Structures are given as C-alpha cells and as structure tokens.
Amino acid sequence: MASIVGCLPNISLTSITQFPENPKSLILQQCKTPKDLQQVHAHLLKTRRLLDPIITEAVLESAALLLPDTIDYALSIFNHIDKPESSAYNVMIRGLAFKRSPDNALLLFKKMHEKSVQHDKFTFSSVLKACSRMKALREGEQVHALILKSGFKSNEFVENTLIQMYANCGQIGVARHVFDGMPERSIVAWNSMLSGYTKNGLWDEVVKLFRKILELRIEFDDVTMISVLMACGRLANLEIGELIGEYIVSKGLRRNNTLTTSLIDMYAKCGQVDTARKLFDEMDKRDVVAWSAMISGYAQADRCKEALNLFHEMQKGNVYPNEVTMVSVLYSCAMLGAYETGKWVHFYIKKKKMKLTVTLGTQLIDFYAKCGYIDRSVEVFKEMSFKNVFTWTALIQGLANNGEGKMALEFFSSMLENDVKPNDVTFIGVLSACSHACLVDQGRHLFNSMRRDFDIEPRIEHYGCMVDILGRAGFLEEAYQFIDNMPFPPNAVVWRTLLASCRAHKNIEMAEKSLEHITRLEPAHSGDYILLSNTYALVGRVEDAIRVRSLIKEKEIKKIPGCSLIELDGVVHEFFSEDGEHKHSKEIHDALDKMMKQIKRLGYVPNTDDARLEAEEESKETSVSHHSEKLAIAYGLIRTSPRTTIRISKNLRMCRDCHNATKFISQVFERMIIVRDRNRFHHFKDGLCSCNDYW
DNA sequence: ATAGGGTTAG
C-alpha cells in the first residue's frame with residue numbers, strides 16, 4: 001500500500017488503517033488515476049466497507065464518470081452488486097451515456113426497467129442523452145412515451161434533454177413542441193432550443209428566437225451568445241452580431257476566450273476580417289481554437305496568403321495546430337497552389353498521427369487535386385477509412401479538372417456501388433468530367449438521370465455544364481437551343497460558356513450573339529470582349545478583333561490584371577502582367593529574355609496577332625512576353641534545380657501564345673510544367689500539353 | 001448527482 005501515500009497526500013501510511021468514517025468525498029476527490037481507485041477499492045474490499053451502498057456508489061461514480069477509461073471497471077463492480085438501487089443504475093447509465101457507449105446505457109436502462117427498479121428524473125435525462133448521442137429517435141420516443149405514461153411530473157432537466165434528443169435526431173419541430181409546452185424555462189432551455197436550431201443549420205430560427213429573448217427581456221448568458229454569434233456569422237447578420245459584440249464589451253466579458261473566439265468568427269464571416277484580427281490581437285491568451293478561427297477567417301475572405309502567414313506565426317507562438325486548423329491551412333494552400341507548404345502539412349499530420357477526419361482527408365484530396373497531383377489525391381482517398389459525399393465529390397471534381405474524365409466517371413460508378421448518394425455538387429463534377437473528356441452522350445445521359453434517378457433538380461450550373469459539353473464538342477446550335485429551352489432565364493455565365501465554345505470552333509455569328517446576351521444581362525467583363533476579339537482574329541478578321549478590343553477601353557471596363565503564383569521554398573511569389581516592367585528585378589527580366597531566345601531557336605514564333613491586339617502602342621513582342629505566367633516560369637527556371645517540376649497557378653485563362661510558349665519551354669528546358677488556370681490544368685511535358693490544345 | 005457552448009470541407 002506504499003504508493004497510496006503519494007496518491008492520497010493527506011493520509012499518512014499509518015492512517016490508511018484509519019480510513020475515514022465516511023470516505024465518499026475522499027474517493028471522489030482524491031482518486032486521480034485508475035490506479036488510485038484500484039487501491040482504494042482493494043482496501044474497501046478487505047475492510048468489507050463495500051457493502052455500504054453509499055460507499056459503493058462513490059466508487060462507481062469515480063470509475064464511471066470521473067476517471068477516464070475506467071467504465072469497464074465500473075461495470076465489473078456494478079455487476080457484483082446484489083440488488084443495485086436506482087441511484088447505482090443512474091450513475092452507470094450516465095457514465096455509459098457520456099463515455100462513448102451510449103448503446104450500453106440503453107441496454108442497462110432496459111434491464112432496469114425489466115427489474116422494475118424505479119426510474120426518476122436522473123434516469124430519464126441520462127438515457128435521453130444516450131439516445132441523443134446515438135441519434136436513436138425510436139428509442140428516444142419510447143423513453144418519451146414512458147415518461148408521459150408514468151405520469152412523471154414535468155422536470156426541466158428532462159425536458160431540456162428531450163429538446164436536445166429530438167433536435168439531434170432531426171426532429172426539430174418536436175423539439176420546439178417540447179420547448180413550447182414547458183411550464184417554466186430557464187435560460188438553459190432557451191439555449192437548448194438555440195443549439196437545436198444550430199445543429200440543424202436553421203440559422204434564421206436562431207436569430208428569431210434570440211429576438212424573442214430580447215423582447216421578453218430574458219437575461220441571457222455566454223452560451224446564448226455563442227449560438228447566436230454562430231448564426232450571425234452564417235447569415236452575415238452584422239446587425240445582431242455587433243449588438244452582441246457591444247454587449248460583450250459593456251459587460252466586460254472580453255476575457256471570456258470562448259466568447260471572444262465566437263465573436264472573431266462572426267466578424268470574419270460577416271466580411272469584417274480586420275475587426276476580427278483586432279479582437280484576436282487583443283486576446284491575452286490565444287488557444288488553438290482562436291488561432292484556427294482567425295486562420296479560417298482569412299481563408300474564407302480569400303486572403304489565403306495572410307492565412308498562411310498567421311499559421312506560421314501560430315507555430316512561432318508554440319500553439320500546436322489540430323486537424324481543424326489544418327483544414328483551413330490546406331484550403332489556403334490549395335487556393336494559392338502552395339504545394340510545398342501543403343505537402344509539409346500532410347507530412348506533419350502523419351508525423352503527429354493526427355486524426356485523418358473526413359473533413360481533413362477531403363481537404364487533402366482537394367489540395368493535391370488543385371496542385372495538379374491527382375495521383376496523390378487518389379492515394380489519400382484510398383487511405384481514408386471513412387468517406388462521405390464530400391470526399392467522393394472532391395475526388396471526382398479533382399479528376400475531372402485534371403483531365404481524367406474517364407476515371408472520374410469510374411469513381412462515380414463505384415460511389416453509387418458504395419451506396420453513397422450523390423448530391424447536386426457531385427453532378428457538377430461528373431458533368432464537367434464529361435465535358436473535359438468530350439463524352440457528349442454520357443453527359444446527356446447523366447444530366448437526364450439527375451432528376452429521374454436521384455431526385456436532384458438541375459440548377460442553372462448544371463445547365464451551364466451541359467452547354468459546355470455540347471459547345472466543346474462543337475454542337476453549337478444544339479447548345480443554343482438547349483439554352484433557349486431552359487426552365488429559367490439564362491444568366492451571363494451560361495452565355496459566357498457558349499462564347500468560349502464559339503472561339504474554339506470559330507463561330508463568329510454565335511459568338512456575337514452570345515456577347516450581346518451577356519451585355520444585356522450584366523456589364524461584360526474584359527475577358528468576354530477578349531474572347532470575341534480572339535474569335536475574329538482566328539478567322540482573320542483582324543480589324544474587327546481590334547475594334548472589339550478597343551471597346552474595353554472605350555467602355556472603361558476594368559481589366560482584371562493577370563496574376564501568376566509560384567511557390568519556392570514555401571514562399572509564394574506573385575507576378576502581375578500589368579506592371580511587369582517596373583516591379584520585377586533585372587534578374588527576372590534577364591531570365592525571361594534568355595528563356596524567350598532559347599525557345600525561339602527551337603521554333604517558337606510569338607503570336608504577334610495577339611500582341612497587336614493587346615497593346616498597339618507597345619512593341620508587339622514585349623507585351624505578350626510579359627504575361628504573368630511567362631515571368632513566373634522564367635523565375636521558376638532560375639530558382640529551381642534542373643529537371644524538377646515547375647508549378648504555376650494563374651487567375652485567368654492561359655492565352656494561346658503563353659500556352660504555345662510553355663510547350664516549347666517544357667521541351668527546351670526538359671521540365672515538366674504544371675499550370676493551373678482559371679478553368680483547368682495544363683500539364684506540359686516534352687513539348688505537349690495534357691489538354692491537347694483544347695481549353 | 002442530472003441540462004445548453006467556440007474553429008473545419010465538395
């Protein structure tokens with residue numbers, strides 16, 4: 001018994017023989033480890049004190065509720081009790097309900113019922129908690145019926161668990177019915193209802209109920225605010241969000257970290273990332289959740305570079321990321337094409353044996369796919385033990401965008417074989433797979449099966465995919481008819497899709513018509529005029545091409561500057577086409593000149609048509625050679641080792657000249673070059689591109 | 001003895 005001294009610091013070795021008369025609080029408070037408990041248990045057995053139900057229940061409570069991983073120990077003690085009283089059952093049911101074996105809690109409840117042991121409010125709330133965790137609606141309903149049948153007097157604890165159980169089982173209406181029928185409601189009841197709405201994504205209802213709380217002047221607490229802030233974030237309801245923000249300040253609650261984290265998240269989701277950052281900087285202790293919230297705030301605001309910077313700062317601050325943090329970090333890497341950083345994150349996840357949750361795995365798949373490494377996506381997919389519709393969809397979309405249309409469709413088939421129900425987004429992926437792989441009939445078939453076989457109503461995006469499938473394959477007239485027969489008015493995106501096909505198939509008439517439709521719906525982007533202009537240029541109507549291009553200036557349409565990113569040693573470098581002359585160093589320009597000279601020697605001819613269209617006032621060649629991707633590739637060539645792959649991501653479509661030049665570069669410099677443009681991937685190798693010059 | 005809470009994806 002020597003070691004018990006260390007565990008029970010108030011008792012000396014001799015005093016163990018004088019075990020306290022009533023050792024209940026000693027058992028509950030002093031047993032810090034399973035070992036402590038075992039020794040106390042042994043002592044109680046030896047001294048036959050275990051016959052006292054009060055003492056036994058204290059041991060049970062310690063084993064079933066307070067200590068980790070001792071639930072089996074608790075069960076073995078419980079099973080030795082001759083005729084357990086209801087309080088002993090209650091402790092066990094509650095312990096089982098909390099300790100990940102809610103099914104056993106239910107079984108024990110059943111046993112209790114069979115043995116006619118009286119159940120009470122404690123039994124009911126514990127067993128309902130178990131039902132809630134298991135999403136066992138049927139059993140929950142049975143318990144509810146039993147509560148009503150046994151003439152049980154209303155009790156707020158039980159009613160609150162009923163609300164929780166019904167909400168967790170998706171029966172939010174029943175939950176509300178229970179709530180409405182309560183004779184008295186503390187703030188916990190209101191909070192239970194709010195959290196029920198939250199779990200079901202009914203954000204509007206959260207705000208509605210909170211307005212009621214305000215109206216009735218019910219005093220709310222931090223738990224209330226956390227639910228409501230969550231809803232405000234999802235709804236971008238800054239009005240209520242700020243109201244709570246001011247309340248928090250006025251009540252001096254800023255030191256409540258959980259609350260402040262919710263506030264940060266709300267501001268970030270409402271587009272006020274800088275306000276969120278200010279709150280974040282003012283926190284006196286930032287835990288991993290606060291960091292994760294702020295990082296995801298930047299990522300959602302499309303400020304991924306800042307997200308990654310903050311991630312690096314987090315590591316300097318010795319806060320360890322968890323799988324939630326990594327989801328936002330990988331999302332940012334995917335957006336930026338920051339392959340090295342993302343690869344390191346994957347390595348870190350493995351090294352730290354982080355749980356590969358469905359969300360994290362799905363994000364890894366998306367990350368690799370967006371960096372052009374679709375094989376790695378497939379690997380991750382195969383390693384995952386749990387996959388959901390998001391996982392399958394990410395893989396299918398990744399395959400489609402990387403030109404693996406056929407494989408995407410194969411995975412779609414095996415998704416169905418695995419009884420995973422596709423959703424509307426899955427079909428976007430599947431249809432774009434058909435589009436990239438030029439599988440017209442397959443596309444038609446899948447589009448028609450959406451409503452018929454899967455009960456999914458095609459949205460305008462799906463119609464857009466169909467237009468793309470038809471248009472790419474050259475069925476422009478059919479695509480036009482298809483748009484005409486849509487059940488809703490076409491938007492600019494649909495016409496833009498057709499316009500792109502018109503360029504590919506050199507159909508002037510329909511290109512003109514498409515642009516007309518676009519301008520009728522919204523002010524056209526500069527890219528639309530460029531597509532039409534390119535179409536004219538392709539059929540030799542250079543004057544028209546120039547005329548259309550000049551419209552961009554005349555109409556003062558803002559041009560989106562082309563921007564290419566390349567990541568080197570974990571740092572993302574940005575190159576812009578517009579300010580190429582001024583911003584970049586001599587080193588880069590020298591590299592660019594050298595690169596252009598070398599590919600010309602091998603037969604590259606700059607496309608002066610495009611150059612002429614682009615900027616008549618500048619010398620033709622200079623203009624085109626300064627597209628951002630050429631700068632980024634030139635920089636990549638001098639900064640990376642020979643024969644390694646160069647990866648670029650770009651915010652616009654690649655132009656034909658850059659596409660052509662990159663093919664030459666891949667050959668001359670013996671480099672694999674992967675360019676992710678706005679729409680798809682181009683894998684350049686040995687002078688050829690994976691898109692077969694069709695994009 | 002019991003009830004309600006923050007960050008994550010296609």
Side-chain angles (χ1 to χ4, degrees), chain A residues 24 28 57-58 60-61 64-66 86-88 90-91 93-95 97-98 120-129 132 155-165 167 185-196 198-199 220-230 233 256-266 268-269 286-297 299-300 321-331 334 357-367 369-370 387-398 422-429:
Chain A
K24 191 174 155 183
L28 292 175
E57 274 165 34
L60 273 186
E61 192 180 338
L65 289 165
L66 300 177
S86 90
S87 49
N90 286 349
V91 169
I93 293 174
R94 203 153 73 84
F98 276 90
D120 56 16
K121 54 189 178 180
F122 302 112
T123 331
F124 288 138
S125 46
S126 302
V127 75
L128 284 170
K129 175 105 193 162
S132 168
N155 168 276
E156 210 197 311
F157 287 84
V158 176
E159 282 157 335
N160 288 338
T161 342
L162 271 172
I163 291 174
Q164 203 201 338
M165 184 276 292
R185 298 181 203 105
S186 72
I187 189 61
V188 180
W190 291 87
N191 290 344
S192 300
M193 200 58 231
L194 287 172
S195 123
T198 297
K199 280 181 194 132
F220 54 87
D221 64 7
D222 47 346
V223 181
T224 323
M225 290 188 272
I226 286 163
S227 289
V228 179
L229 284 171
M230 235 170 114
N256 179 330
N257 274 351
T258 309
L259 195 50
T260 304
T261 302
S262 302
L263 198 57
I264 287 170
D265 184 55
M266 182 279 295
K269 285 198 168 67
R286 289 174 282 265
D287 65 1
V288 58
V289 181
W291 282 95
S292 304
M294 197 60 235
I295 290 171
S296 101
Q300 288 169 65
N322 63 17
E323 67 268 12
V324 178
T325 325
M326 292 315 202
V327 172
S328 298
V329 173
L330 282 168
Y331 171 86
T357 57
V358 181
T359 315
L360 184 57
T362 303
Q363 194 53 63
L364 268 171
I365 290 171
D366 190 54
F367 158 73
K370 288 219 166 79
K387 307 172 177 97
N388 63 13
V389 58
F390 287 78
T391 319
W392 288 90
T393 303
L395 184 69
I396 289 168
Q397 266 190 342
N423 63 20
D424 50 341
V425 187
T426 318
F427 274 98
I428 304 265

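So that the names make sense, note that chain A is the first sequence line, chain B the second, and so on, each numbered from 1. Keep in mind that this is a model prediction, so the values were computed, not measured. No hydrogens, no waters, no symmetry mates; every other heavy atom, side chains included, goes into these values.
- Checking side-chain atoms of A/Thr198 against main-chain N and O of A/Leu194 turns up a donor-acceptor pair under 3.5 Å.
- With sequence neighbours excluded, no residue satisfies salt bridge (charged side-chain N to carboxylate O under 4.0 Å, His left out) with A/Asp222.
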Base contacts versus sugar-phosphate-only contacts with protein, heavy atoms under 4.0 Å: please encode nucleotides 2-8 of chain B as B, S and - from 5' to 3'.
BBBBBBB
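- A/Lys129 meets the salt bridge (charged side-chain N to carboxylate O under 4.0 Å, His left out) test with no other residue; sequence neighbours excluded.
- Side-chain contact check for A/Gln164 and A/Asn160: no donor-acceptor pair (N or O, by modelled atom type) lies under 3.5 Å.
- A/Gln300 contributes a side-chain N or O that, together with a main-chain N or O of A/Ser296, makes up a donor-acceptor pair within less than 3.5 Å.
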